[in-house]
Each structure stands twice: as C-alpha cells, then as structure tokens.
Amino acid sequence: MDLSAVRFDERGLVPVVVQDARTGEVLTLAYANREALEETLRTRRSTFFSRSRQALWRKGATSGHTQEVVEVLLDCDGDAVVYRVIPHGPACHTGERTCFHRPLLSGEPDLGFVLGQVYATIQERLRTLPEGSYVARLHREGLDRILKKIGEEAGEVIIAAKNGSPEEVRWEASDLLFHLLLVLAETGVGLQDLAHTLWERHKPQGRPGASG
C-alpha cells in the first residue's frame, strides 16, 4: 500500500470524510495518521486517530457500530481522504445515523439517500415483523403476492404515463420502487449489489477500471 501521495499535516494527520457508500450521505469527519490509514486499507474497517486520546480509534471497537470500508479515495491535492463505507449502526456517538444531524439550511434529500433509508426500514420490518406492518403482512402472504404487487404497480405507472400526468407518474413510480425494494430485500439483494451492477454497465469513460 503506497501512501506516498498522502500529504499529512505537521501533526502527521489527514482529514477523513466518511460517506455511506449506499446513499452518498456524509456520516462523519475524522482524522487519520499513517498507521490508521494503513490499518483501514488492510482490514477494510474504519480506523482513525483520536486527537483527544492521542491513540488509534477503531470505529465500533466499544460500540459495535463498525463500518465496512468499500473504497478509499484521495483528493486531487493529496491532503484529504474519503472512506466510502457500509455502516453497521449509527456513526455518531449520540446515536444519530450521522454526525451531521443539525441542519443550518435544510434541503431536499437525494434519491439515493431516500432509497437507502427505505430499504433499511424494510429490512428492519422483515427482521422484526411488527404487528400492523404492511411489509410484515406482505411477507407473510408470500413472495408471489409481492411479485403480483410489482406487476400491479408497473401497470399503474404505465397508465399514469399514458395519461400524461407527471404527478400521477411520480406517485405510482414511488409505489413501484417501494415494492421493488421489498423484492430485493426478500431475495437478499442489497442496494450495493444493484449499484455495482449498474456501475459496471454504465460507468463513465476515464474512471480507473473503466473499459475503453
């Protein structure tokens, strides 16, 4: 692992932005020294350097909220790093999903973020099967019933599009996406699996690994 391009500051540290690889959401900002970066690359688990404790900080060592690192990126100047991760639990010590949970200027969430949150909720419903849950009810009715819903919702999208109504299309497409996410969860296909397949099909030219 060649870290010669990393420009550590006078303290031997580099800032690390941690990003959810599934949704693109920024989870936290931390710092790493050379040893922390080397351990992250070796173990594929988020490791940082704690400036307050002056020691390595292995995310989840005490809380159990680990982060599986799928990609590490270095910025153009070499003085900042991004860990793209799959989080297993909240990133923030407060129990919030992300450390950036106090809006100063609110905006609309992007589609990737929303899909990730809905998928995570569906997985939780399937795990706990709470009484009164729509997801739990469809699960109990079986995969054939869920697949029938896919067909019904796809038909509704077609009708909405034929009607020329953007509002109807938006509404019906949301229903279709929800039930598609349920099928993915039921069959054990993760959003990261879907992202990988789509990326392999449509990745832009010039990206490392892209076919010529």
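Since the structure is predicted, the reported quantities are computational estimates derived from the model, not experimental observations. Residue indices begin at 1 and follow the sequence shown.
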- request: State whether the number of non-hydrogen atoms from other residues, nucleotides or ligands found under 6.0 Å of H101 atom NE2 is greater than 12.
  value: yes
query: Hey, what's the ring geometry for F48 with W57, parallel, tilted or perpendicular (30° and 60° as the breaks)?
result: tilted
query: Does D79 offer a backbone N or O that forms a donor-acceptor pair with the side chain of D77 under 3.5 Å?
result: no
Close aromatic pair by centroid cut-off 6.0 Å: F8 and F49: no
query: Does R42 come within less than 4.0 Å of E38, counting only side-chain N to carboxylate O?
result: no
- prompt: Counting only heavy atoms not in R45, do more than 12 sit closer than 6.0 Å to its CZ atom?
  reply: yes
message: So which atom in P15 and which in L29 form the shortest heavy-atom distance, rounded to 0.1 Å?
response: CB-CD1, 4.2 Å
E131 CD: over 12 foreign heavy atoms closer than 6.0 Å: no
task: Taking R84 for its side chain and L73 for its backbone only, find out whether a donor-acceptor pair lies under 3.5 Å.
output: no
query: Would you say N163 and V169 make side-chain contact, with heavy atoms under 4.5 Å?
result: no
- prompt: How far apart are the closest heavy atoms of A21 and Q192, and which atoms are they?
  reply: O-OE1, 3.5 Å
- request: Would you indicate whether the side-chain heavy atoms of N33 and L56 approach each other to under 4.5 Å?
  value: yes
- request: Can you see which heavy atom on R125 is nearest to which on S133, and at what distance?
  value: CD-OG, 3.5 Å
- prompt: Just wondering, are more than 12 heavy atoms of other shown residues or ligands nearer than 6.0 Å to CZ in R201?
  reply: no
- prompt: Taking all non-hydrogen atoms of both residues, which atom of L3 and which atom of R34 are closest, and how far apart?
  reply: CB-NH1, 3.4 Å
- prompt: Can you find a pair of side-chain heavy atoms, one from V81 and one from V72, that are under 4.5 Å apart?
  reply: yes
message: Can a donor-acceptor pair be found, under 3.5 Å and without considering hydrogens, that links the side chain of T47 to the backbone of A36?
response: no
Nearest heavy atoms of Q19 and G24, plus distance in Å: NE2-O, 3.2 Å
- prompt: Do E68 and R44 come within less than 4.5 Å of each other through their side chains, counting heavy atoms only?
  reply: no
field: Presence of salt bridge, E39 and K59, under 4.0 angstrom
entry: no
message: Quick one, R145 with E152, criterion salt bridge (charged side-chain N to carboxylate O under 4.0 Å, His left out). Give me CA distance, side-chain angles, the key distance, then yes/no.
response: CA-CA 11 Å; R145 173 59 179 143; E152 292 172 357; 3.7 Å; yes
